Q: 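Shown below is the structure under consideration.
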Amino acid sequence: MEDLKKTAEVLNDLIKINNDRIAGYEKAIAELPVADVDLKALFSGLIEQSTQLKSELQQHISGWQDRADTETTTSGKIYRAWMDIKQTFATNDRKAILESCEYGEDAAQKAYRQAEQADDISMSARALISNQKTQLLASHDQIKQLRDREKIG
């Protein structure tokens, strides 16, 4: 039974990370200038991705006693606060917004790596985590590639 409890804890942490990611991209969309429709579309797609990943995690634990979390993590709240500060100094700066988003993607990758390496979680949960981490890495790399294309402001 300890195995299921530990697995539920790890998966609930990843649900929180995805909630952070959704909130972060919603904030980024709100701060983007009207002209940045390409980034708004990309960020909307990343919100959809996290919504799907969150749903998969919730389905995995739905039969257990532990409930899925709907909160964000403290580190996610710090990420969004950092994004606020950065945006204050970078009005209409695509590169700064992309840097903020990459920072959040780095945090998600770290959380998924730690979850993947957690002891005493079920094999099916570990496989789910590994699959999701790979999907998120592709998104991270897309954000990084866009950031690298931006001229230094």
Side-chain angles (χ1 to χ4, degrees), residues 6-61 68-119 121-122 124-153:
K6 176 66 174 179
T7 301
E9 286 175 14
V10 169
L11 295 182
N12 273 317
D13 285 346
L14 295 180
I15 288 169
K16 290 177 185 177
I17 290 296
N18 280 287
N19 286 336
D20 291 343
R21 195 168 176 257
I22 290 166
Y25 282 117
E26 287 172 345
K27 178 137 189 62
I29 288 170
E31 293 179 355
L32 282 169
V34 175
D36 286 326
V37 290
D38 61 327
L39 289 184
K40 288 182 182 196
L42 172 63
F43 295 166
S44 292
L46 295 175
I47 289 169
E48 289 176 25
Q49 179 186 46
S50 267
T51 301
Q52 176 61 37
L53 297 178
K54 191 173 104 169
S55 176
E56 291 173 7
L57 294 165
Q58 289 169 329
Q59 287 174 11
H60 197 83
I61 61 174
D69 277 323
T70 57
E71 301 173 5
T72 58
T73 65
T74 303
S75 61
K77 290 174 185 167
I78 292 169
Y79 161 57
R80 284 188 301 282
W82 181 87
M83 198 170 184
D84 286 341
I85 294 166
K86 182 86 172 178
Q87 192 59 27
T88 301
F89 299 107
T91 309
N92 298 336
D93 187 345
R94 284 173 60 100
K95 185 174 178 95
I97 291 169
L98 288 166
E99 284 173 348
S100 297
C101 292
E102 185 184 5
Y103 176 83
E105 292 295 334
D106 287 341
Q109 279 296 304
K110 181 180 177 184
Y112 269 82
R113 270 193 310 275
Q114 290 172 341
E116 194 175 38
Q117 296 168 359
D119 294 329
I121 63 170
S122 71
S124 60
R126 195 176 309 280
L128 176 63
I129 292 166
S130 180
N131 178 280
Q132 289 191 355
K133 185 180 86 167
T134 300
Q135 292 177 57
L136 289 171
L137 181 59
S139 298
H140 169 276
D141 292 348
Q142 185 178 13
I143 294 290
K144 184 180 185 307
Q145 184 179 38
L146 285 171
R147 187 224 48 209
D148 289 346
R149 280 194 222 149
E150 290 300 317
K151 295 178 182 168
I152 298 174

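Since the model is a prediction, treat every value here as computed from it, not as a measurement. Just the heavy atoms: all of them, side chains too, but no hydrogens, waters or symmetry mates, feed the values below.
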Q: Checking side-chain contact (heavy atoms from CB on, under 4.5 Å) for the pair Gln132/Leu57: CA distance, chi angles, key distance, verdict?
A: CA-CA 10 Å; Gln132 289 191 355; Leu57 294 165; 3.6 Å; yes
Q: Between Asp20 and Lys16, is there a salt bridge with N-O shorter than 4.0 Å?
A: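 Looking at Asp20 together with Lys16, the answer is no, because their closest N to O distance does not fall below 4.0 Å.
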Q: Measuring from atom CG of Leu53 to atom CD1 of Ile129, what distance do you get when rounded to the nearest 0.5 angstrom?
A: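 Here the interatomic distance stands at 12.0 Å.
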Q: As an exercise, state the distance from OG of Ser100 to NZ of Lys95, rounded to the nearest 0.5 Å.
A: 12.0 Å
Q: Check step by step if side-chain contact (heavy atoms from CB on, under 4.5 Å) holds for Leu98 and Leu39.
A: CA-CA 9 Å; Leu98 288 166; Leu39 289 184; 3.9 Å; yes
Q: Between the side chains of Glu105 and Arg21, is the shortest nitrogen-to-carboxylate-oxygen separation below 4.0 Å, so that they form an ion pair?
A: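 A salt bridge links Arg21 with Glu105.
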Q: Salt-bridge test for Asp38 and Arg94: reply yes if a basic N is under 4.0 Å from a carboxylate O, no otherwise.
A: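 Yes, Asp38 and Arg94 are salt-bridged.
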Q: Identify the two heavy atoms, one from Ala118 and one from Val10, that lie closest to each other, and give their separation to 0.1 Å.
A: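 Smallest interatomic distance, heavy atoms only, reads CB-CG2, 3.9 Å.
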Q: Rounded to the nearest 0.5 Å, what's the gap from CD1 on Ile17 to NZ on Lys110? Could you check?
A: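 The distance works out to 10.0 Å.
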Q: Would you compute the distance between atom CZ of Phe43 and atom NZ of Lys27 and round it to the nearest 0.5 angstrom?
A: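 Going from CZ on Phe43 over to NZ on Lys27, the span is 13.0 Å.
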Q: Is there a side-chain contact (heavy atoms from CB on, under 4.5 Å) between Ile143 and Leu46 once you walk through the steps?
A: CA-CA 10 Å; Ile143 294 290; Leu46 295 175; 3.8 Å; yes
Q: Please determine whether a side-chain nitrogen of the Lys or Arg among Glu102 and Lys144 lies less than 4.0 Å from a carboxylate oxygen of the Asp or Glu.
A: no
Q: How close do Lys40 and Val34 get, heavy atom to heavy atom, and via which atoms?
A: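 Closest approach of Lys40 to Val34, heavy atoms only: NZ-CA, 4.1 Å.
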Q: Evaluate the criterion side chain to side chain donor-acceptor pair (under 3.5 Å) for residue pair Gln135 and Asn131; output intermediate values, then yes/no.
A: CA-CA 7 Å; Gln135 292 177 57; Asn131 178 280; 2.5 Å; yes
Q: If you define the side chain from C-beta out and look only at heavy atoms, does anything of Tyr112 sit under 4.5 Å from Leu137?
A: no
Q: Leu32 versus Val37: any side-chain heavy-atom pair under 4.5 Å?
A: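 Of all side-chain heavy-atom pairs linking Val37 with Leu32, none is under 4.5 Å.
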Q: How close do Leu14 and Ala111 get, counting heavy atoms only, and between which atoms?
A: CD2-O, 4.0 Å
Q: Donor-acceptor pair, Asn12 side chain versus Ala8 backbone, under 3.5 Å?
A: yes
Q: I'd like to know if the side chain of Ser55 and the backbone of Thr51 have a donor-acceptor N/O pair within less than 3.5 Å.
A: no
Q: Would you check, one step at a time, whether the test side-chain contact (heavy atoms from CB on, under 4.5 Å) holds for Lys6 with Ser122?
A: CA-CA 9 Å; Lys6 176 66 174 179; Ser122 71; over 6 Å; no
Q: To the nearest 0.5 Å, tell me how far Ile47 CD1 sits from Glu26 CD.
A: 4.5 Å
Q: In Å, rounded to the nearest 0.5 Å, how long is the span from CZ of Arg113 to CD of Gln109?
A: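 The distance works out to 6.0 Å.
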Q: Within the 4.5 Å heavy-atom criterion, are Ile97 and Asp36 side-chain neighbours or not?
A: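 No. Closest side-chain heavy atoms not under 4.5 Å.
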Q: List the atom of Leu136, the atom of Gln49, and the distance in Å for their closest heavy-atom pair.
A: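 For Leu136 and Gln49, the tightest heavy-atom pair comes out as CD2-OE1, 3.8 Å.
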Q: Run the salt-bridge test on Arg126 and Glu116 with the 4.0 Å N-O cut-off and return the result as yes or no.
A: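 So Arg126 does not pair with Glu116 through a salt bridge.
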